[in-house]
Asker: 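What follows is a single structure, and I will ask about it in a moment.
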Amino acid sequence: MLSLLKSRLVNIEKDILAAYVKKIEEGTMSKGQLAKLLGISRITLYRKLKQYGL
């Protein structure tokens with residue numbers, strides 16, 4: 001049960017990041033702004049983008 005919950009949370013995180021990557025590509029948001037919005041460092045953001053292949 002716990003691994004199913006973790007898997008779902010990972011998918012939700014990936015989907016959220018993918019949606020914001022589109023905003024970055026459109027030029028309406030920077031990676032720094034996204035990191036601040038999510039409450040994480042830019043280094044963590046870069047690690048998550050790499051982790052999810054975004």
Side-chain angles (χ1 to χ4, degrees):
M1 184 69 158
L2 186 58
S3 81
L4 178 61
L5 178 59
K6 185 176 179 180
S7 174
R8 287 183 180 172
L9 288 174
V10 166
N11 286 335
I12 290 169
E13 182 179 58
K14 183 178 178 180
D15 290 346
I16 289 169
L17 287 173
Y20 280 109
V21 164
K22 289 181 182 180
K23 290 185 178 285
I24 291 168
E25 290 171 349
E26 293 169 355
T28 59
M29 179 179 278
S30 71
K31 289 180 182 174
Q33 290 171 322
L34 176 56
K36 187 174 182 177
L37 176 72
L38 297 174
I40 59 176
S41 70
R42 286 192 320 175
I43 294 170
T44 300
L45 176 62
Y46 287 118
R47 182 180 49 80
K48 289 182 178 290
L49 293 174
K50 184 177 179 181
Q51 175 185 350
Y52 297 130
L54 301 171

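Basis for what follows: all heavy atoms, side chains included, without hydrogens, waters or symmetry-related copies.
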Asker: By side-chain contact (heavy atoms from CB on, under 4.5 Å), which residues pair with T28, not counting sequence neighbours?
Answerer: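 Counting only residues at least two positions away or on another chain, T28 forms a side-chain contact (heavy atoms from CB on, under 4.5 Å) with K23, E26.
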Asker: Surrounding CG of L9 (heavy atoms of other residues, nucleotides or ligands, distance under 6.0 Å), is the total greater than 12?
Answerer: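 Yes - once you tally the heavy atoms of other residues, nucleotides and ligands closer than 6.0 Å, there are more than 12.
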Asker: From R47 CZ over to S41 OG, what is the distance, rounded to the nearest 0.5 angstrom?
Answerer: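 Atom-to-atom, R47:CZ and S41:OG are 8.0 Å apart.
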Asker: Which residues pass the salt bridge (Lys or Arg N to Asp or Glu O under 4.0 Å) test with K48, not counting sequence neighbours?
Answerer: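 For K48, the residues satisfying salt bridge (Lys or Arg N to Asp or Glu O under 4.0 Å) (neighbours in sequence not counted) are E13.
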Asker: Between R42 and G32, which heavy-atom pair has the shortest distance, and what is it?
Answerer: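 Heavy atoms of R42 and G32 come nearest at CD-CA, 3.6 Å.
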Asker: Check which hydrophobic residues are tied to L45 through side-chain heavy-atom contacts below 4.5 Å, counting indirect links as well, and list them.
Answerer: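 So far as hydrophobic clustering goes, L45 is joined with V10, I12, I16, L17, Y20, V21, I24, M29, L34, L37, L38, I40, L49, Y52, L54.
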